[in-house]
2 protein chains.
Amino acid sequence: MNKEIVLKNKIKEIRSSKNISQESLAKLVATTRQTIIAIEKGQFNPSAKLALLICIALDCKFEEIFWLE
Amino acid sequence: MNKEIVLKNKIKEIRSSKNISQESLAKLVATTRQTIIAIEKGQFNPSAKLALLICIALDCKFEEIFWLE
DNA sequence: TATGATTGTAAAGTAAACTTTACATTTTAT
DNA sequence: ATAAAATGTAAAGTTTACTTTACAATCATA
């Protein structure tokens with residue numbers, strides 16, 4: 001896949017603004033804290049399913065959280 | 001990850017309605033036709049990056065194409 | 001009928017997402 | 001200051017997305 005285009009996100013900002021910890025977000029979307037950390041840091045590119053679960057947990061539309069650069 | 005929840009999509013319907021072939025969609029998003037086929041059939045769960053590229057190529061918002069069931 | 005374009009299927013290999021565990025560091029509240 | 005909560009980092013293992021190649025089947029058009 002195109003390596004020049006990178007998926008960015010503002011999960012950390014939105015999560016913090018709602019006072020949700022990494023651990024509770026992880027539980028909300030049935031994954032682990034490690035996965036949340038890695039996604040927040042851009043260390044990896046989540047699956048669309050997990051990304052959508054995160055959007056729902058954070059009560060945002062997909063494009064409000066994720067974008068391409 | 002939660003195996004009871006499944007990511008669904010209507011890529012095939014939207015793609016067809018715009019007269020875009022699997023191959024040209026694949027080229028638009030810099031992937032292969034095999035990947036498009038597998039995603040359309042629900043055989044796998046695309047990355048959020050690829051999913052967003054597809055949304056842009058099809059000129060739709062994420063939630064217009066992808067949802068959870 | 002024939003030819004090209006589109007789609008379906010399959011299989012092997014690679015890359016990366018995700019899990020699990022463990023421990024260290026920082027922040028917050030008492 | 002101290003304890004608890006939250007966050008950072010790391011590493012090994014498993015699962016799955018994604019690539020590449022190849023060939024068959026369907027459909028539209030000349």
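Protein chains get the first letters and strands the later ones, always in sequence-line order, with residue 1 at the start of each. Reckoned from all heavy atoms, side chains included, excluding hydrogens, waters and symmetry mates.
Residues B:Ile39 and B:Ile20 fall within the same hydrophobic cluster, defined by Ile, Leu, Val, Met, Phe, Trp and Tyr side chains chained together at heavy-atom separations under 4.5 Å. Under a hydrophobic clustering in which Ile, Leu, Val, Met, Phe, Trp and Tyr are joined whenever their side-chain heavy atoms come within less than 4.5 Å, directly or via other members, A:Ile5 and B:Leu58 fall into the same cluster.
Within the structure, every pair that satisfies the salt bridge (charged side-chain N to carboxylate O under 4.0 Å, His left out) test and touches residues 39-63 of chain A, not counting sequence neighbours, is listed here: A:Arg15-A:Glu40.
In this structure, the separation between CG on A:Leu68 and CD1 on B:Ile56 is 5.0 Å, given to the nearest 0.5 Å. The CD atom of B:Glu69 sits 4.5 Å away from atom NZ of B:Lys8, with the distance rounded to the nearest 0.5 Å. Rounding to the nearest 0.5 Å gives a distance of 9.5 Å between CD1 of A:Ile37 and CD of A:Glu23. The distance from the CZ atom of B:Phe44 to the OG1 atom of B:Thr35 is 4.5 Å, given to the nearest 0.5 Å. If you take OG on A:Ser24 and NZ on A:Lys18, they are separated by 12.5 Å, rounding to the nearest 0.5 Å.
Summarising the geometry of B:Phe66 relative to B:Leu7, their closest heavy-atom pair is CD2-CD2, 3.9 Å, with the distance given to 0.1 Å.
At whole-Å resolution of the value, NZ in A:Lys41 and P in C:dC18 are 17 Å apart.
The shortest side-chain heavy-atom distance between B:Ile36 and B:Thr32 does not fall under the 4.5 Å cut-off. With a 4.5 Å cut-off on side-chain heavy atoms, B:Asn45 and B:Val6 do not count as touching. By the 4.5 Å heavy-atom criterion applied to side chains, A:Cys60 and A:Ile14 are counted as neighbours.
Mapping B:Ile37 and A:Arg33 onto DNA chain C by nearest heavy atom places B:Ile37 closer to the 5' end of the strand.
The overall bend of the helix from C:dT1-D:dA30 to C:dT30-D:dA1, read as the angle between its terminal helix axes built from five base pairs each, is 60° when rounded to 10 degrees.
Among residues two or more places apart in sequence or in another chain, the side chain to side chain donor-acceptor pair (under 3.5 Å) test is passed with B:Glu64 by none.
Annotation: proximity of residues 4-31 of chain A to DNA chain D (heavy atom, distance under 4.0 Å) is found for A:Lys12, A:Arg15, A:Ser21, A:Gln22, numbered in ascending order. Applying a 4.0 Å cut-off to non-hydrogen atoms, the residues of residues 43-62 of chain B that approach DNA chain D are B:Gln43, B:Phe44, B:Asn45, B:Pro46, B:Ser47, B:Leu50, listed by residue number.
Heavy-atom contacts of chain B under 4.0 Å fall on DNA chain D between two terminal nucleotides, which in 5' to 3' order are D:dT16 to D:dA22.
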